[in-house]
Amino acid sequence: MSVFQTLKKGVFENNPVLVLLIGLCPTLATTTSVKNALGMGLATLFVLTMSNVVISMFSRFFPKKIRIPCFIVVIASFVTIVKMIMDAYAPPEINDALGIFIPLIVVNCIILGRAEAFASKNGVLASLFDGLGSGLGFMLALVVLAFFRELLGAGAIFDIPIHTSLKPITMFILAPGAFVALGSILGFVAWRRLRREERECAEAAGKYRAELIITSKNKPE
Amino acid sequence: MSGTEAFIIFFNVLLINNFVLAKFLGLCPFFGVSKRTGDALSMGAAVVFVMFMASLVTAFINWFFLLGHPGNLFYRAMGGDPAAYDMTFLYTIVYILVIAVLVQLVEMALMKLSPPIYRALGIYLPLITTNCAILGVALLNNDFAVEASGFWVYLAKCLIQGLGAGIGFTIAMLLMSGIRERLEYIPVPKPFRGIPISFIVAGIMALAFMGFASMI
Amino acid sequence: METVVVGVVILGLLGLLFGFGLAMAGKVFAVDVDPRVEKLLDVLPGANCGACGNPGCSGFAEGLVEGRCDLNDCPVCSPEARKAAAEILGVEVGETERRIAVVHCRRETVPPRFEYHGVKDCAAAQIVYGGFTTCRYGCLGLGTCVEACPFGAMYMGEDGLPHIIEDKCTGCGNCVRACPRGVISLAPVSRDVHVLCNSKHPGKYTRDCCTHGCIGCKRCEKTCKHGAITVTDFLATIDYDKCVNCGECVEVCPTGAIGDVSLLRDRKPARERYAATAAQEG
Amino acid sequence: MARTFKGGVHPHDYKELSKDRPIEDAPAPDVVFVSLRQHIGAPSKPVVKPGDEVKKGQLIAEPGGFVSAACHSPVSGKVKSIKPRPHMMGTPVDAIEIENDGREEWAEECNVPADWEKLSVDELKKKIAAAGIVGLGGATFPTHVKLSPPPDKKIDAAILNGVECEPYLTADHRLMLEQPDRVLEGFRIIQRILGGVKGYIGIEANKPDAYMLMKEKAMKYPDIEVVMLPVKYPQGAEKQLIKAILDREVPSGGLPMDVGCVVQNVGTAAAVYDACARNVPLIERIMTVTGDGVERPANYRIRIGQMLTPILERSGLKEGVRKLIFGGPMMGLAQAGPDIPLAKGNSGVVAMMEAPLFEPRMCIRCSRCVDHCPMGLEPSVLSLLSEARRYLEMAEHDVLDCIECGVCTYICPARRPIVQQIKIGKQKVLEARKKK
């Protein structure tokens with residue numbers, strides 16, 4: 001499978017949040033604003049890609065029985081690196097907003113999932129792109145969710161308030177809104193998949209013509 | 001550490017800032033295992049146990065090894081300025097190792113002692129390791145270290161928070177599994193069947209849990 | 001400098017302590033789980049569709065290891081996965097061809113015996129007075145099979161019959177079990193000739209029901225050179241292992257109950273293909 | 001002492017159509033089709049061959065097992081054929097076709113009066129079994145099996161069911177009015193068989209004339225008590241009748257004999273009397289032909305196996321009848337056509353001019369069905385489970401205890417076909433249990 005395809009697959013078919021439904025904790029927590037979502041997305045992307053690469057490099061050395069703890073050590077070290085970078089360079093308000101969720105990247109099911117399912121069995125380059133793909137997919141999902149939550153909840157896009165007569169529904173910034181928003185997005189994704197299936201069935205129905213069945217009474221040409 | 005303070009910590013984590021519905025921790029197993037009440041209960045029990053043990057062990061490690069304060073064993077052994085021994089940047093890696101080991105222990109014990117529960121949890125037992133709630137509780141326990149007067153007060157607070165969080169998680173799991181069992185035979189619109197409707201139901205539950213906000 | 005030393009000491013100590021602890025625990029809680037079960041789980045599709053009759057793939061893996069189940073029970077398994085699983089189990093698996101669902105009915109041509117206004121479900125209609133269709137073995141057309149298909153491989157055509165999308169159908173058999181009248185059965189993909197009728201009524205009754213029903217005249221049974229067709233209580237059934245797609249029975253069937261669906265599957269008619277291969281060998 | 005059961009509904013009973021019509025003989029049939037599956041249990045086995053000559057009341061089919069019933073020829077004549085014939089349950093069933101020679105010649109030991117009081121209990125039971133008597137209330141359970149409960153079950157009460165709560169039907173009412181002695185004597189035979197237990201006769205308040213007559217006739221028998229019951233459907237169901245009269249509740253999955261009593265229909269009692277006192281097998285029964293689809297509703301004494309069409313013509317079947325129901329509108333079976341041979345279980349035929357159709361909608365959880373279900377089940381949950389095809393989970397909600405009385409479908413504001421959904425569930429649960 002070409003490298004580009006792994007990338008595309010990670011973002012669309014196997015989008016970790018929207019399709020595989022893993023890594024939900026940070027998704028809901030950090031999508032109060034698009035800026036936070038981007039911060040979280042980038043951090044996770046970095047950790048995911050780097051840990052995929054390192055794990056795929058050393059996967060032969062990890063004994064089969066305790067491969068999970070080894071993966072976790074690799075991931076945890078990258079997370080610690082990211083935490084330090086964020087503490088040092090990232091703008092303070094993003095750091096406070098993401099707060100506890102940066103260290104929680106290590107337990108983000110996506111990273112361990114990709115490491116277990118892909119990185120430990122494939123080459124370095126493939127793992128790199130798989131990490132990139134999943135990471136981008138994750139970030140895309142985060143940004144989409146954050147966009148809606150911020151728009152509805154805080155009446156702003158990327159912190160630029162929109163002056164409308166409508167009062168923002170603050171629920172979307174708070175916890176219940178996160179669940180409902182993601183639930184609706186998942187519903188939309190499922191609706192699109194069902195519509196594609198229906199179109200396929202309709203197309204197959206269109207192709208089906210009963211008189212094509214050859215019997216003793218109905219001989220072709 | 002008066003009784004009311006203990007109650008406040010416990011109640012805060014149990015209902016007000018419920019780990020699942022307010023802090024968004026531990027959502028993967030929350031949505032994954034809450035299909036049947038039986039599984040939800042056994043998952044909840046396993047999480048309560050692992051959280052309690054995790055709080056216990058991380059409290060010891062944090063107080064005696066990581067924090068740069070007089071209680072630090074290295075400071076006691078090697079002297080010098082206690083602040084120099086501040087290893088708090090190791091939180092993530094040390095805590096996750098502790099949790100991984102604990103879960104491995106629980107997995108082995110369950111496989112040996114009661115295979116049915118082990119089979120019921122199935123894939124979700126290793127998933128406890130990556131369960132954000134457990135690492136979350138360990139990290140949140142660190143805040144107690146700052147103003148704790150002594151180690152035993154700190155330990156008590158950590159254990160209460162660990163227990164409260166675990167039970168809060170189980171409550172949310174049970175409520176959710178009760179509703180999801182009924183959702184199975186309600187004609188929900190097709191695209192929303194399964195996980196999407198569970199999210200919306202969780203959203204409504206979170207709305208309800210927000211009612212506890214001003215209790216304390 | 002101390003921070004590095006202390007850091008290494010802490011992690012080293014913890015690593016040692018936990019490593020040792022886990023090793024000890026490993027002994028105390030030693031449980032001999034057959035390692036092949038995990039290996040099988042990686043290979044099996046993991047759809048947990050229950051077609052093999054076990055609670056999900058883990059149940060199936062245990063069944064395989066204990067010899068209770070057979071690898072062919074899992075229809076959803078791709079051939080490579082089946083070969084890999086066979087190696088793990090160290091058992092030889094016959095090359096079974098992919099099987100898909102076939103609907104053995106082309107809707108009766110007479111109006112139903114009564115208007116049915118009950119629950120829109122074939123099993124429900126079957127309970128009310130034996131079903132509203134005149135032919136008691138024909139398709140009721142209420143779509144229970146389409147509902148039962150977990151892979152979305154079936155849809156209800158305008159002619160009121162379920163149609164199968166060949167590439168999506170995995171042959172899991174849910175539709176076969178869902179149909180209260182057994183109108184659907186599984187057949188290998190390569191076979192194009194099928195008996196498109198399920199009626200066990202005596203010939204005269206079938207003639208009154210629909211123009212293309214099988215009246216059990218046994219002509220196909222006589223002409224089939226490979227003994228693939230047997231007629232039991234007025235209904236011809238094809239044994240797909242013996243059938244070679246020669247298409248002779250299609251010619252000889254007086255009511256046109258046996259049909260060749262090659263054109264639907266974008267293939268040349270079965271007779272031509274068979275004649276061509278026969279010419280080559282001959 | 002007006003006692004009743006929990007739940008139930010009050011449908012308009014439309015009995016006034018045929019309540020005052022005296023029982024009249026149905027037109028003598030020229031051909032009869034005696035079905036081999038007219039009862040609960042194994043189908044009966046024919047003992048005659050096509051071409052045999054039979055007399056009226058002669059045994060033509062013996063019971064096919066312990067829980068089965070014998071069949072007798074309602075006419076004298078020649079056996080023409082034994083072939084599958086239409087049946088009210090839908091799939092055709094073997095029936096013995098007998099051509100009536102019109103001589104109405106009784107078989108030798110038939111129609112000979114006998115004093116039943118001299119016979120022992122076993123002899124009485126043997127006579128009932130030989131006469132092929134089954135429950136005529138509609139359940140058609142073989143009576144001799146019901147009257148011989150296993151020794152460990154102590155029976156201390158017998159109940160005669162004269163309630164007839166199904167709308168439209170008036171057969172039992174007319175039977176009690178015109179032949180009270182036959183009913184009463186039959187009931188005394190049943191009491192004697194069950195060991196001289198106390199007897200109760202339950203009659204609904206909408207039949208005061210029958211109640212007064214039976215009460216007066218039962219004066220001379222101290223151990224028989226006639227009980228007036230408030231009008232409510234389904235008061236006539238076995239378990240509800242026991243609850244109302246004896247205030248005992250049959251356990252889930254249990255039978256009336258588990259609470260020490262046996263319930264019999266008034267028609268069955270009359271048939272028991274014929275068998276023991278007149279040596280006449282079950283070849284006739286009372287049946288109501290009513291509904292707005294017939295000009296002259298009436299109560300007929302029909303012969304078992306007679307075709308329905310001539311009877312409908314005699315009662316003036318109107319053009320454009322939309323629905324024909326065997327039994328009453330609540331528990332009856334809608335039929336696809338009139339040309340069906342009548343059987344022991346037919347207590348009535350209702351012809352309706354219009355059959356309103358409703359498009360079932362979502363369950364709105366109003367729980368009316370739960371309030372009115374006489375068995376205390378949750379029809380709304382069962383209906384939703386059945387709609388979602390989760391049939392095996394219905395067993396946990398006691399679907400097998402449902403008596404299919406039709407109250408939930410009648411009361412449901414969303415017009416959901418709950419009884420049919422429950423029937424599917426029952427079938428699937430029983431199939432799964434058989435497989436296990």
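Hydrogens, waters and symmetry mates play no part in the numbers below; they use all other heavy atoms, side chains included. A note on names: the letters A, B, ... follow the listed sequences, proteins ahead of strands, and every chain is numbered from 1.
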Student: Salt-bridged, A:R193 to A:E197, with N to O below 4.0 Å?
Tutor: yes
Student: Ring pair (Phe, Tyr, Trp, His ring centres under 6.0 Å) between B:F52 and B:F49: does it pass, once the steps are laid out?
Tutor: CA-CA 5 Å; B:F52 185 79; B:F49 172 71; 8.1 Å; no
Student: Counting neighbours of CZ on A:F148 that are heavy atoms of other residues, nucleotides or ligands and sit closer than 6.0 Å, is the number greater than 12?
Tutor: no
Student: What residue, out of A:G183, A:P176, A:A190, has the most heavy-atom pairs lying under 4.5 Å from chain B?
Tutor: A:P176
Student: Any side-chain to backbone donor/acceptor pair from B:R180 onto B:I197? Under 3.5 Å, distance only.
Tutor: no
Student: Given a strict heavy-atom distance threshold of 4.5 Å, which part of A:L28 is in contact with chain B: side chain, backbone, both, or neither?
Tutor: both
Student: Counting only heavy atoms closer than 4.5 Å, note whether B:L207 contacts chain A via side chain, backbone, both or neither.
Tutor: both
Student: Donor-acceptor pair, B:N17 side chain versus B:N12 backbone, under 3.5 Å?
Tutor: no
Student: Is there a donor-acceptor contact under 3.5 Å linking the side chains of B:N142 and B:Y95?
Tutor: yes
Student: Hydrogens and angles aside, do B:Y91 and B:N62 bring a side-chain donor and acceptor to less than 3.5 Å of each other?
Tutor: yes
Student: Quick one: sort the B:F199 and B:F31 rings into parallel, tilted or perpendicular, breaks at 30° and 60°.
Tutor: parallel
Student: Measure distances from A:V79 to the heavy atoms of chain B and classify the residue's part below 4.5 Å as side chain, backbone, both or neither.
Tutor: side chain
Student: So which bits of residues 162-171 of chain B come within less than 4.5 Å of chain A, counting non-hydrogen atoms only?
Tutor: none
Student: Answer with side chain, backbone, both or neither: which region of B:A22 has an atom nearer than 4.5 Å to a non-hydrogen atom of chain A?
Tutor: backbone
Student: Answer with yes or no whether the side chains of B:E181 and B:T37 bring together a donor and an acceptor at under 3.5 Å.
Tutor: yes
Student: Give a yes or no answer on whether the side chain of B:T58 reaches the backbone of B:S55 with a donor-acceptor pair at less than 3.5 Å.
Tutor: yes
Student: Who among A:A181, A:A29, A:G177 has the most heavy-atom pairs with chain B under 4.5 Å?
Tutor: A:A29
Student: Do you know which of B:L21, B:L97, B:V20 has the most heavy-atom pairs under 4.5 Å to chain A?
Tutor: B:L21
Student: Would you mind checking which part of B:M210 comes under 4.5 Å of any heavy atom in chain A, side chain (CB onward), backbone (N, CA, C, O), both or neither?
Tutor: side chain
Student: Let's test your reading of the structure: which of A:L182, A:I111, A:I75, A:D87 forms the most heavy-atom pairs below 4.5 Å with chain B?
Tutor: A:L182
